[in-house]
Amino acid sequence: MTAMDTFGTASVRKADETQPDWTRVEFETQLRVKGAAYHIHHPFNVRMNSGGCSREQIRGWVANRFYYQINIPLKDAAILSNCPDRETRRHWVLRILDHDGDGDQAGGIEAWARLADAVGLTRDELYSLTHVTPGVRFAVDAYVNFARHAPWQEAVCSSLTELFAPQIHRDRLATWPAHYPWIEATGLAYFRSRIMLAQRDVLHGLAVTLDHFTRRAQQERALTILQFKLDILWTMLDSIERAFPQ
């Protein structure tokens with residue numbers, strides 16, 4: 001039984017062994033098709049980017065996503081702890097520094113905290129996690145636990161939602177200033193920074209996935225793993241939407 005099966009976070013369909021392996025290009029195409037299930041299409045996100053959310057809903061979303069943000073370095077550290085490949089670790093450690101900060105760079109967690117400032121949340125509210133829903137906690141914790149127990153290549157594969165992330169950040173930068181002028185513009189810096197960082201990170205994560213998952217059964221497994229991560233992000237918005245109704 002695999003780590004993901006143990007947690008019950010996704011079911012694995014047995015691959016048809018008579019099917020040929022996908023080529024590298026075909027496999028990447030299959031991974032990218034999964035973008036149809038990305039949370040950019042969730043009704044709450046669509047409503048948020050079209051100006052349909054109240055101040056309370058925006059604040060609720062920011063507060064809940066903060067729990068995800070502070071757990072990203074823990075997830076990445078778990079991947080590092082399971083990875084014996086030095087070159088992979090040299091690439092992957094940059095993700096932790098991006099979020100926790102390094103030297104004069106405050107990092108993504110602080111950038112998200114500044115977004116919270118901009119929408120009117122106090123630092124005490126944010127860091128106390130008072131507004132975090134049980135559903136968001138459960139989903140994020142499941143993701144971190146998966147990264148701790150899965151083979152490192154599978155945990156890397158789960159990060160490939162970054163294939164679809166730049167557009168969601170571009171959408172927020174394009175629509176929020178007009179729809180939510182009450183949000184201080186400086187608070188949007190996190191979204192701007194993540195466009196380039198996500199593009200950098202996905203090149204490495206995609207290369208690892210394409211190199212490792214070469215047989216059809218492995219490739220089908222990778223698609224299941226990516227769907228698991230997509231479900232994590234979707235479930236988070238389900239929980240936020242219920243907790244902060246219109």
Quick one: which of Phe244, Trp112, Tyr68 gives a ring pair (Phe, Tyr, Trp, His ring centres under 6.0 Å) with Trp61?
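Exactly one pass, corresponding to Trp112.
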For Glu26, enumerate each residue passing the side-chain hydrogen bond (donor to acceptor under 3.5 Å, both in side chains) test, keeping only those at least two apart in sequence or located in another chain.
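In terms of side-chain hydrogen bond (donor to acceptor under 3.5 Å, both in side chains), with neighbours along the sequence ignored, Glu26 is linked to Thr23.
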Would you say the side chains of [X] and [Y] form a donor-acceptor pair under 3.5 Å?
X	Y	result
Tyr190	Gln69	yes
Gln218	His212	no
Asn49	Trp176	yes
His149	Asn82	no
Tyr143	Asp231	no

Could [X] and [Y] be called an ion pair, given the rule that one side-chain N must be under 4.0 Å from one carboxylate O?
X	Y	answer
Glu184	Arg114	no
Arg200	Glu162	no
Arg194	Asp201	yes
Asp21	Arg216	no
Arg90	Glu87	yes
Glu154	Arg148	no

[atom1] of [X] to [atom2] of [Y]: how many Å apart, nearest 0.5 Å?
X	Y	atom1	atom2	value
Ile40	Phe164	CD1	CZ	10.5 Å
Thr88	Ile79	OG1	CD1	10.5 Å
Leu163	Thr209	CG	OG1	8.5 Å
Lys34	Thr161	NZ	OG1	13.0 Å

Selection residues 69-108 - residue pairs positive for ring-ring contact (aromatic ring centres under 6.0 Å, His included), sequence neighbours left out:
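Matches after skipping sequence neighbours: His91-His204, Trp92-His204.
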May I ask you to check whether Trp234 and His42 place their ring centres under 6.0 Å from each other?
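Close enough - the centres of the two rings lie under 6.0 Å apart.
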Apply ring-ring contact (aromatic ring centres under 6.0 Å, His included) to Tyr127 and list each qualifying residue two or more places apart in sequence or on a separate chain.
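By the ring-ring contact (aromatic ring centres under 6.0 Å, His included) rule, Tyr127 matches Phe66.
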Backbone N or O of Thr122 within a donor-acceptor pair of the Glu125 side chain at under 3.5 Å?
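Yes, the answer is positive, given that a donor and an acceptor are paired below the 3.5 Å cut-off.
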For the pair Asn45 (side chain) and His41 (backbone), establish whether a donor and an acceptor sit closer than 3.5 Å, ignoring hydrogens and angles.
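Side chain of Asn45 to backbone of His41, a donor-acceptor pair under 3.5 Å: no, none is there.
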Report yes if the side chains of Leu160 and Lys229 come closer than 4.5 Å at any heavy-atom pair, otherwise no.
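With C-beta onward as the side chain, the pair stays apart.
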